[in-house]
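Comments concern the structure below.
Here the structure is a predicted model, which means the values were calculated and not measured. Because only heavy atoms are used, hydrogens play no part in the values below, and waters and symmetry mates are left out as well, while side chains stay in.
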Amino acid sequence: PALPVLAKENIKKLNITNVTIIEGDGSFGLKEKAPFDAIIVSCSSPSVPKSLLSQLKKGGRLIIPVGDSLCQNLVSIERTDDDTYEEEFLEFVRFVPMIGKEGWH
């Protein structure tokens, strides 16, 4: 709960007015604003959250680090049709863990 408060304070100090801070379980994405052209995840997940995939537009792309706690594969996933996706390996990486119902428990 302290993180969004700090973020709002910093945004205000910097006079930034085009940012919205939303507190919640990021592993679920933001269904009410979907579909998205792109989703970039900056924390690792043991698997690709299905809720994030479902929020992509056709032709939309998800970039996410997937793997275990020590090493992940940074992957790019493009939604090609209603239920089809193409996945491309980009790089080996190491990110902090995604905390949430579709992340690390």
Side-chain angles (χ1 to χ4, degrees):
L3 185 58
V5 171
L6 180 61
K8 287 176 186 176
E9 290 171 0
N10 287 332
I11 295 295
K12 187 175 180 179
K13 285 179 193 174
L14 295 169
N15 293 318
I16 296 173
T17 59
N18 63 344
V19 172
T20 303
I21 307 293
I22 299 169
E23 181 180 357
D25 184 342
S27 71
F28 289 134
L30 196 57
K31 188 176 182 178
E32 57 272 16
K33 299 286 186 179
F36 297 103
D37 293 315
I39 300 172
I40 299 174
V41 180
S42 58
C43 52
S44 69
S45 183
S47 60
V48 178
K50 293 189 185 334
S51 57
L52 297 182
L53 288 174
S54 71
Q55 293 175 36
L56 288 172
K57 288 181 182 177
K58 285 184 193 173
R61 190 173 303 270
L62 168 66
I63 307 292
I64 183 169
V66 180
D68 61 35
S69 62
L70 297 177
C71 183
Q72 302 95 37
N73 294 328
L74 186 63
V75 294
S76 171
I77 303 167
E78 181 180 349
R79 186 174 199 163
T80 55
D81 209 339
D82 288 339
D83 294 318
T84 57
Y85 303 87
E86 288 184 9
E87 184 173 316
E88 177 186 1
F89 167 80
L90 300 175
E91 187 65 60
F92 292 110
V93 293
R94 187 171 184 182
F95 280 71
V96 298
M98 175 187 287
I99 307 299
K101 295 206 180 208
E102 289 198 51
W104 297 98
H105 300 283

(Q) Do Ile77 and Leu74 land in one hydrophobic cluster if side-chain heavy atoms of ILVMFWY residues count as linked below 4.5 Å? (A) no
Q: Enter the distance from Gln55:CD to Lys31:NZ here, rounded to the nearest 0.5 Å.
A: 8.0 Å
Q) CG of Asp83: more than 12 outside heavy atoms within 6.0 angstrom? A) no
(Q) More than 12 heavy atoms of other residues, nucleotides or ligands under 6.0 Å from CD1 of Ile40: yes or no? (A) no
Q | Where Arg94 and Gln72 come nearest, the two heavy atoms and their spacing | A | CA-OE1, 3.2 Å
Q) Do Ile63 and Phe95 belong together in a cluster built from hydrophobic side chains that touch within less than 4.5 Å? A) yes
**Q.** Value rounded to 0.5 Å, distance of CG in Leu52 from CZ in Phe36
**A.** 9.5 Å
Q | Nearest-0.5 Å distance that lies between atom CD in Glu9 and atom CG in Leu14 | A | 12.0 Å
Q.
If I compare all heavy atoms of Ala7 with all of Ile21, which pair ends up nearest, and what's the gap?
A. CB-CD1, 3.9 Å
Side-chain donor-acceptor pairs of residues 85-92 under 3.5 Å, sequence neighbours excluded:
{"from": "Tyr85", "atom 1": "OH", "to": "Leu53", "atom 2": "O", "distance (Å)": "3.4"}

Q. Shortest non-hydrogen contact from Arg79 to Leu56?
A. NH1-O, 2.8 Å
Q) Considering all heavy atoms of both residues, which atom of Pro65 and which atom of Cys43 are nearest to each other, and what is their separation? A) CG-O, 3.4 Å
Q | Contacts of Asp25 that satisfy side chain to side chain donor-acceptor pair (under 3.5 Å) - sequence neighbours left out | A | Ser27
Q) Which heavy atom of Ser45 sits nearest a heavy atom of Glu102, and at what distance? A) OG-O, 3.6 Å
Q. Run the side-chain contact (heavy atoms from CB on, under 4.5 Å) check on Asp82 and Lys58 step by step: do they pass?
A. CA-CA 7 Å; Asp82 288 339; Lys58 285 184 193 173; 3.0 Å; yes
Q | Co-membership, hydrophobic cluster, residues Met98 and Val75, 4.5 Å side-chain | A | yes
Q | Inter-residue atom distance Asn73.CG - Ile64.CD1, 0.5 Å rounding | A | 11.5 Å
Q: Quick one: closest heavy-atom pair of Pro97 and Ser44, and the distance?
A: CA-OG, 3.4 Å
